[in-house]
Every structure is written in C-alpha cells, then in structure tokens.
2 protein chains.
Amino acid sequence: MKISTKGRYGLMLLVDLATHEGSAPVSLKSVAERQSLSEHYLEQLIAPLRNAGFVRSVRGAYGGYMLAKPKSEITVKDVILTLEGPLTIVDEDVQDGLEELWEKLKTAILTVLEQTTLQDLVDMKQRSEGGYMYYI
Amino acid sequence: MKISTKGRYGLMLLVDLATHEGSAPVSLKSVAERQSLSEHYLEQLIAPLRNAGFVRSVRGAYGGYMLAKPKSEITVKDVILTLEGPLTIVDEDVQDGLEELWEKLKTAILTVLEQTTLQDLVDMKQRSEGGYMYYI
DNA sequence: GCCATTTCCTACTATTATGGTCAGCATACG
DNA sequence: CGTATGCTGACCATAATAGTAGGAAATGGC
C-alpha cells in the first residue's frame, strides 16, 4: 500500500517548479539537482504532466518548464492520477463481497488527495523546512 | 496503490470462518473451495493470523480453524496490518517536505480500516449477495 | 496399529511492477 | 555552428507479489 516514486517525485517536481516560478522557464537539470533526483527519470515523469496540461515546456537552450495553471488549481489528486493511473485498491471487477469496504477506502483516499493543492504543498514544505529566513 | 491479495484473501478467509462458525473447526480445504482460492496459499496466510491470535487451529483429521475472538472484536486494520505489515504510504524516513500529506493519507486509511470489523464484513457480504433467503 | 485427513513448515519459481539507465534525435538560443 | 535543453523509445536490474511443490507431524476413525 504505497505511493510509488512516480507520484511522489512528480509532486516534488511540481512543487519545485511552483517554488521557482518566475519569468524564465525552469530546467529539469536544476530541479534534479535541488531535489537530488535523476534528471532522466524526471523527464519520464513530466511527459504525462505536460500532456495533461499541468505544465508547458520551452524547448532549446535556456528552455525548461513552467506551470500552466495557478498552483492553487492543481490538486494532488490530479497529479497522482495522471502519473499512476486510476486508483484501484483492488483489481477491477473482483467479486469478493467486500466491494463496499474497497469503495469506502477509495473515497477516503481521494478525499484527502483532492483537498490538497500544489499551493498547500508549497506552504507545507516551507513550514517543514522550519526556521525563519527573514534576517538572512 | 493496492491492497495485495494477501490482505484481501486473508479477509475472505476470516469472513468465511466467521460465517461457518459452529462447534466443529473449519478446514482450509472447505474454505478454499467455497472462495475459489488455493488451499496452499491460504495456509501461508493463516499462519501469521494464528500467531497473532485471531484464529486457533485443531490439527489432524477433522481438524481445521476457528476464530479465537468474537467477530466484532477483530478489525480489518488488525488483519491487514498482520498480513501486509505496517502501512507505509512512502518509505520510512524519506524527507521530501510532504510528510504532512503522507500522514494525513495514512490517518484517513487507518480510520476506515479500524472502524470496520469482521462482523461488518459478514453483514456487508450478506447484503452484497442480495436477495432474501428466508423462504428457501 | 494403520490410514486418511488436515495442519504445519521450508523451499522454490513465475510473473509483474518499480525504478531506473542508455542512446540518440529535435529544437532553439547565442 | 555549437551547446543546452527538451523529447522519445528501448532496455535492464531489483524487489515484491502470488503463488507451487513436497513433505513432515499430528490426530481422529476404523
């Protein structure tokens, strides 16, 4: 019962983009360095996110990625479902008489995922980094 | 993001035991037939359940298993955690700044699992089998 | 005592998902 | 033109899952 690194790294990637948002696009290389992730692997993760319209890319030298929507309008659910496919607690069309339980679980999980936006994650991460940066 | 068959078959097994509870112990063979599962595989699943004290066994001919506790006192959480180990949404000690999200998810899931007992599953399954059996 | 039944135990194996790596083309800035 | 970056598809190593296989030990019925 795990979130795969696909979903997790994908969120880290988007949070990083959201954090370093500015006029210029952000290169995957810089994200990979900051987050200590493999650039090649991030390339694979961002492809579906681009296709789904969460980020847009700028090719060529000095290119990179930027969020295509406000960070408060991208939910964790969007990202996880895009990267990991539909949430199947148990395989489709099993008939074990416990469908009601699986349905409850699914709802509970999706509720959390859909109540949390990228904006929330940015805030969350800043809090978790603790400490005040004001006087630096 | 799945419940493995370990947890799922384990629940089916216990629900079957709960349903066929009586004076005599219930053999795995009969459970395997009713639920269309492999007897050998069930053996592997019931071992930890026995060790954890949810069922007790009677060896030898005409032996089998029976619940060691009232079915209203065994929660789905007990069973799943026994069979699948601790619920780790993400690997231990990752530091991705999203710990708060993973914690929320974990809580949401465990809440559902711990509010549901074997008794609930028995009722649930009976309802799902639909139809009234009174006049048969 | 013997046989059938059933639990119990230890390996082994096949398949799948995960978590990547590798190689190379495509595009665009300077 | 050269370098930085995006983009794509193929490939691979490891671990987890989902079982199988084979038999030893216990126990009730005959």
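Below, chain A is the first sequence line, B the second, and so on; all start at residue 1.
Computed from coordinates, the B:Leu28 CG to D:dA26 P distance equals 18 Å when rounded to whole Å. What separates NZ of B:Lys29 from C1' of C:dA4 is a distance of 10 Å, to the nearest Å. B:Leu49 has its CG atom 15 Å from the C1' atom of C:dC8, to the nearest Å. For the pair A:Leu13 CG and D:dG6 P, the computed distance is 11 Å after rounding to whole Å. In this structure, CD of A:Glu39 is placed 15 Å from P of D:dT8, rounded to the nearest angstrom. Rounded to whole Å, atom C1' of D:dT5 lies 14 Å from atom CG of A:Leu42. Look at CG on A:Leu45: it is 14 Å from P on D:dG6, rounded to the nearest Å.
A:Asp123 places no side-chain N or O within donor-acceptor distance of the main-chain N or O of A:Asp120, the cut-off being under 3.5 Å. Side chain of B:Ser30 to backbone of B:Val26: no donor-acceptor contact under 3.5 angstrom is found. Proximity of a side-chain donor or acceptor of A:Glu84 to a complementary backbone N or O of A:Ser4 within less than 3.5 Å is detected. Checking side-chain atoms of B:Thr88 against main-chain N and O of B:Asp91 turns up no donor-acceptor pair under 3.5 Å.
In this model, the phosphate group of C:dC8 is approached by a side-chain N or O of B:Ser57 to a distance below 4.0 Å at OP1 or OP2. The phosphate of C:dC9 has OP1 or OP2 within less than 4.0 Å of a side-chain N or O from B:Arg50.
In this structure, A:Gly60 and B:Gly64 both approach DNA chain C, and ranking their closest nucleotides by distance from the 5' end singles out B:Gly64. When each of B:Arg59 and B:Asp91 is assigned the nucleotide of DNA chain C with its nearest heavy atom, B:Arg59 is the one assigned upstream, toward the 5' end. Across the interface with DNA chain D, nearest-nucleotide mapping of A:Asn51 and B:Tyr62 shows A:Asn51 to be the residue nearer the 5′ end.
For B:Lys125 and A:Asp96, the salt-bridge test fails: no basic side-chain N is under 4.0 Å from an acidic carboxylate O.
A single hydrophobic cluster is seen to contain both A:Trp102 and B:Leu105, as judged by linkage of ILVMFWY side chains at heavy-atom distances under 4.5 Å, directly or through other members.
Judged as a salt bridge (Lys or Arg N to Asp or Glu O under 4.0 Å), and not counting sequence neighbours, A:Glu39 has no contacts.
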Under 4.0 Å protein heavy-atom contact, by nucleotide of nucleotides 15-21 of chain D - B base, S sugar-phosphate only = ---SBB-
Starting from the C-alpha separation in whole Å, work towards a yes-or-no answer on side-chain hydrogen bond (donor to acceptor under 3.5 Å, both in side chains) for B:Tyr9 and B:Ser38.
-> CA-CA 10 Å; B:Tyr9 291 1; B:Ser38 146; over 6 Å; no
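B:Ile46 comes within 4.0 angstrom of no nucleic acid atom, judged by non-hydrogen atoms across all strands.
Looking at every heavy atom in both residues, B:Ile3 comes nearest to B:Arg8 through CG2-N, 4.0 Å.
Axis orientation changes by 0° from one end of the helix from C:dG1-D:dC30 to C:dG30-D:dC1 to the other, with each end axis drawn from 5 pairs and the value rounded to 10°.
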